[in-house]
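Below: the structure, in structure tokens.
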Amino acid sequence: MTAIPLDPETARERLLAQTAEIDELSRSSADSRQPVELDQQSVGRLSRMDALQMQAMAEATERNRMRQRARISAALARIEAGDYGFCIACGEPIEPKRLENDPAVPTCIGCASRPA
């Protein structure tokens with residue numbers, strides 16, 4: 001049975017929804033990425049270390065969100081250019097199930113499996 005390719009308009013809607021979700025998560029977690037107050041009078045050393053660790057984790061999560069946001073923007077650009085659904089490395093069609101799973105995926109499974 002041949003899989004039905006993901007319609008570019010459906011992909012666009014899903015990608016825009018993912019973008020809105022990423023933006024909302026980024027806004028709602030902005031406070032956790034703020035600099036940690038290092039006032040030794042009000043907070044103990046271990047509490048400061050915990051706060052710094054939580055801040056570092058929040059910053060790493062935000063970097064991951066921004067990478068995903070860039071992947072989504074690139075997929076939206078491919079839709080606009082009419083290149084959506086084709087591998088950016090080899091130009092072959094990307095398996096529809098792969099696009100269903102992640103509409104922002106830029107490569108076919110063959111190219112994604114190759115060592116960098």
Side-chain angles (χ1 to χ4, degrees):
M1 184 164 103
T2 306
I4 299 169
L6 186 63
D7 172 50
E9 193 53 42
T10 302
R12 180 193 326 272
E13 290 171 11
R14 286 183 56 197
L15 291 165
L16 291 173
Q18 287 178 2
T19 299
E21 182 180 347
I22 288 170
D23 291 347
E24 178 56 32
L25 285 169
S26 186
R27 275 191 297 278
S28 69
S29 66
D31 287 344
S32 63
R33 296 186 308 274
Q34 295 299 317
V36 175
E37 180 67 40
L38 296 178
D39 180 10
Q40 292 184 6
Q41 301 301 320
S42 62
V43 180
R45 184 174 65 89
L46 292 177
S47 294
R48 281 193 315 279
M49 288 174 57
D50 285 343
L52 288 169
Q53 182 179 22
M54 294 300 288
Q55 178 197 30
M57 289 174 13
E59 289 172 347
T61 299
E62 183 65 12
R63 284 190 300 274
N64 287 338
R65 281 189 199 113
M66 291 303 103
R67 277 192 290 274
Q68 180 63 12
R69 184 84 161 69
R71 288 180 72 237
I72 291 170
S73 293
L76 289 168
R78 287 193 303 278
I79 290 171
E80 292 300 315
D83 295 332
Y84 183 75
F86 295 95
C87 179
I88 63 169
C90 70
E92 291 297 316
I94 298 172
E95 176 65 33
K97 286 225 180 252
R98 187 166 164 77
L99 289 171
E100 275 182 41
N101 185 48
D102 180 3
V105 70
T107 57
C108 66
I109 193 70
C111 291
S113 299
R114 290 187 193 128

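Just so it is clear, the values below take in all heavy atoms, side chains as well, and ignore hydrogens, waters and symmetry mates.
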Side chain proximity check, Ser26 to Glu62, heavy atoms < 4.5 angstrom: yes

Hydrophobic cluster identity match, Leu15 and Phe86, side-chain contacts under 4.5 Å: no

Contact summary for Ile22 and Gln68, nearest pair of heavy atoms: CD1-CG, 3.5 Å

Contacts of type salt bridge (Lys or Arg N to Asp or Glu O under 4.0 Å), residue Glu80, not counting sequence neighbours: Arg12

Glu92 and Cys111, any side-chain heavy atoms less than 4.5 Å apart: no

Shortest non-hydrogen contact from Ala112 toward Thr107: CB-OG1, 3.5 Å

Atom CD of Glu59: over 12 foreign heavy atoms under 6.0 Å: yes

Residues which pass side-chain contact (heavy atoms from CB on, under 4.5 Å) with Ala30, listed by chain and number, not counting sequence neighbours: Arg33

Any donor-acceptor N/O pair, Arg114 side chain to Ile109 backbone, under 3.5 Å: no

Cys90 versus Cys87, closest heavy-atom pair with distance: N-SG, 3.4 Å

Flag side-chain contact, heavy atom, 4.5 Å: Ile79 against Glu9: no

Those residues that, when tested against Thr61, pass side-chain hydrogen bond (donor to acceptor under 3.5 Å, both in side chains) (two or more places apart): none

CD1 on Ile72 to CZ on Arg67, rounded to 0.5 Å: 13.5 Å

All salt bridge (Lys or Arg N to Asp or Glu O under 4.0 Å) counterparts of Asp102, not counting sequence neighbours: Arg71

Considering all heavy atoms, the nearest Leu99-Arg14 contact: O-NH1, 4.2 Å

Pairing residues for Asp23 by the side-chain contact (heavy atoms from CB on, under 4.5 Å) criterion, not counting sequence neighbours: Thr19, Arg27, Arg69

Cys108 side, atom SG; Arg98 side, atom CZ - distance, nearest 0.5 Å: 7.5 Å

For Met54, the rest of its hydrophobic cluster, which grows through side-chain links under 4.5 angstrom: Met57

Cluster link Leu16 to Val105, ILVMFWY, side chain under 4.5 Å: yes

Backbone of Ala77 reached by a side-chain donor or acceptor of Tyr84 within 3.5 Å: no

Euclidean distance, Asp83 CG relative to Ile88 CD1, rounded to 0.5 Å: 10.5 Å

Minimum side-chain heavy-atom gap Pro103-Gln18 below 4.5 Å: yes

